[in-house]
Amino acid sequence: MRIALIALLATACTLHNTDSNEVGVLTRKVALFGKAGVQQETYSPGAAYSFVAFITDWNVFNVALQNLEMVAARERGDRSGRDDIEFKTHDGNDISVDVTVAWRVDTAKAPWILEHVGGSTSEVKENLVRPACRSIVRDVLNTMTSEEFYVSDKRFLKAEEAREKLAKALTPEGVIVERVILGEHHFHPDYEKVIHDKKLAEQTAERMVSEGHAAQQEALRNLETAKGQVSQKIATAKGGLDQVKLHADADYFRSQREAEAILAEKKARAKGVEKTNQAMSGQGGRTMVKLRVADALAGKEIVFLPSGGKSGALQTLNLNELLGRYAAARVEQASSVAPDDKK
């Protein structure tokens, strides 16, 4: 009887297959051979398998990368309504953040997942991945202050911290967490306006500081340009002054030499006059004067006139006295001319 039953079951086999990104897990309801229950063997992707019907179950898990999208936009994400994560920041402000978690099923642990989590990848997402992600990501993000959400580096560090904590919690459950991505964040509208106004004021202040710095640099450049122009003008004026000084020194030197030459000439002439006067004041001078008078009187008629006295006597001409007076007059004239020549 038993042999007949085995033969009947052998003829009632069911064909199963796995896609290229799926693995299969077999469950034996009745153990004709081996152990009943979930079999710990994982069946590889892209293959076909045949098992006895009625006493076996077949489950497949998609092991490709999955995205759990929890976002505010109603047209995106895993929920038709708003699904972003809401919490309070460390400084007490209400905020909501779009979060995407990239994860996949660990192929080696597919039988364990079937026993403890669910019979499909969608069940794993809903029963395990989604609750863990919303809880752990919220706990990590609510340690941030409101201002830190505007700093991309701090958001990235917190996303990595959330990934590490999710991996620690889900890896033993057969789920591998690849990435945690933080998307847009939204504060309460009133606080959002305060933050916006503050950021706008900071940007305006930075722009004014930048413009002030640029104006300062422009003023410094203009100052340096003016200094260069002034230095150039000073150098040009100094060069002109030096030229004038050179010409003035040359004119002074030339005039000094001309004056010295004139003075020397005048001194020589005065010396000559002095020697002539000395010579004329002696016997030789008187003789020369007489000769000159004689030359002047040569060929002239000399008339003796009465003196006009009562006796009617004739006045005799003392020629020597006349010549002496003439010579004295000439000497006196020469003496009066000599000082003028020295000038």
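For reference, positions follow the sequence shown, starting with 1. The basis for the numbers below is simple: all heavy atoms, side chains too, and nothing from hydrogens, waters or symmetry mates.
A 4.5 Å side-chain heavy-atom check between Leu141 and Leu182 finds at least one atom pair inside the cut-off. Between Gln39 and Arg28 the shortest side-chain heavy-atom distance falls below 4.5 Å. In this structure, the side chains of Glu86 and His186 stay at 4.5 Å or more apart for every pair of heavy atoms.
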Taking distance alone, no hydrogens or angles, what donor-acceptor pairs closer than 3.5 Å link side-chain atoms of residues 203-212 to residues at least two apart or in another chain?
from, atom 1, to, atom 2, distance (Å)
Thr204, OG1, Leu200, O, 2.8
Arg207, NH1, Glu211, OE2, 3.1

Enumerate donor-acceptor pairs with a distance under 3.5 Å from any side-chain N or O in residues 48-56 to protein atoms, sequence neighbours excluded.
from, atom 1, to, atom 2, distance (Å)
Tyr49, OH, Ser44, N, 3.2
Tyr49, OH, Ser44, O, 3.3
Thr56, OG1, Val52, O, 2.5

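Distance alone, capped at 3.5 Å, places no donor-acceptor pair between the Glu22 side chain and the Ser20 backbone. No donor-acceptor pair under 3.5 Å is formed between the side chain of Asp57 and the backbone N or O of Thr27. In this structure, the side chain of Thr18 engages the main chain of Ala47 through a donor-acceptor pair within 3.5 Å. Remark: the backbone N or O of Lys88 is not paired with any side-chain donor or acceptor of Asn142 at under 3.5 angstrom. At least one donor-acceptor pair closer than 3.5 Å links the side chain of Asp98 to the backbone N or O of Ala72. Of the possible donor and acceptor atoms, one in the side chain of Glu123 sits under 3.5 Å from a partner among the backbone N and O of Gly119.
No more than 12 heavy atoms of other residues, nucleotides or ligands lie within 6.0 Å of CZ in Arg179, so this atom counts as exposed by the packing criterion. For Glu260, the CD atom counts as densely surrounded, since its 6.0 Å shell holds more than 12 non-hydrogen atoms of other residues, nucleotides or ligands.
Criterion: ILVMFWY side-chain heavy atoms under 4.5 Å apart, direct or through other members. Under it, Ile176 and Val124 are not part of a common hydrophobic cluster. Put simply, Phe156 and Met144 are part of two different groups of oily side chains (I, L, V, M, F, W, Y) that touch within less than 4.5 Å, one to the next. Placement of Tyr150 and Phe87 within a single hydrophobic cluster is found when ILVMFWY residues are connected by side-chain heavy-atom separations under 4.5 Å, directly or transitively. There is no path of hydrophobic side-chain contacts, each under 4.5 Å, that joins Ile181 to Phe149.
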Self-check item: Verdict with supporting geometry, Arg130 and Asp78, salt bridge (charged side-chain N to carboxylate O under 4.0 Å, His left out)
Solution: CA-CA 10 Å; Arg130 177 181 172 84; Asp78 295 332; 5.3 Å; no
*Checking side chain to side chain contact (heavy atoms under 4.5 Å, CB included) for the pair Leu170/Trp103: CA distance, chi angles, key distance, verdict?*
CA-CA 10 Å; Leu170 296 179; Trp103 64 281; over 6 Å; no
| Hey, mind stepping through Asp251 and Arg254 against salt bridge (charged side-chain N to carboxylate O under 4.0 Å, His left out) and telling me if it holds? | CA-CA 5 Å; Asp251 292 340; Arg254 183 173 60 254; 2.5 Å; yes
Audit row: Ile95, Asn93, side chain to side chain contact (heavy atoms under 4.5 Å, CB included) steps and yes/no
CA-CA 6 Å; Ile95 187 173; Asn93 288 305; 6.0 Å; no
Does the pair Val63 and Arg104 meet the rule for a side chain to side chain contact (heavy atoms under 4.5 Å, CB included), with working shown? CA-CA 6 Å; Val63 294; Arg104 60 185 174 85; 6.0 Å; no
* Test log, rule side chain to side chain contact (heavy atoms under 4.5 Å, CB included), inputs Glu148 and Thr143 -> CA-CA 10 Å; Glu148 288 175 338; Thr143 62; over 6 Å; no
Show, in sequence, the C-alpha distance, side-chain angles and deciding distance for Lys168 and Glu164, and conclude whether the salt bridge (charged side-chain N to carboxylate O under 4.0 Å, His left out) test is met. CA-CA 6 Å; Lys168 185 177 180 180; Glu164 292 174 355; over 6 Å; no
(request) Apply the test salt bridge (charged side-chain N to carboxylate O under 4.0 Å, His left out) to residues Lys158 and Glu161: give CA-CA distance (whole Å), side-chain angles for both, the deciding distance (0.1 Å), then the verdict. (result) CA-CA 5 Å; Lys158 285 298 181 180; Glu161 181 182 345; 3.3 Å; yes
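In terms of heavy atoms, Asp84 sits closest to Val97 at CB-O, 3.4 Å. The two residues Lys29 and Ala36 make their nearest non-hydrogen contact at O-CB, 4.2 Å. Summarising the geometry of Ala110 relative to Val25, their closest heavy-atom pair is CB-CG2, 3.7 Å, with the distance given to 0.1 Å. The nearest pair of heavy atoms linking Glu41 to Pro111 is O-CG, 4.1 Å. When all heavy atoms of Ala167 and Pro172 are compared, the pair lying nearest together is O-CD, 4.2 Å. Contact record, Met70 with Asp83: CB-O, 3.3 Å, taken as the closest heavy-atom pair.
Salt bridge annotation for Glu218-Arg221: present, with a cationic side-chain nitrogen under 4.0 angstrom from a carboxylate oxygen. Ion pair Glu184/Arg155 not flagged as a salt bridge, since none of the NZ, NE, NH1 or NH2 atoms sits closer than 4.0 Å to an Asp/Glu carboxylate oxygen.
Note: Phe187 and His185 have perpendicular aromatic rings, judged against thresholds of 30 and 60 degrees for the angle between ring planes.
With rounding to the nearest 0.5 Å, the separation of NZ in Lys109 from NE2 in His116 is 11.0 Å. A distance of 11.5 Å separates CD of Glu75 from OG of Ser80, quoted to the nearest 0.5 Å. Put simply, CZ on Arg138 and SG on Cys133 are 11.5 Å apart, with the number rounded to the nearest 0.5 Å. In this structure, the separation between CZ on Phe253 and CD on Glu258 is 11.0 Å, given to the nearest 0.5 Å. Rounding to the nearest 0.5 Å places CD of Glu173 at 5.5 Å from CG of Leu128.
A donor and an acceptor atom, one from each side chain of Thr42 and Thr107, are nowhere located under 3.5 Å apart. Side-chain polar atoms of Thr100 and Asn67 form no donor-acceptor pair below 3.5 angstrom.
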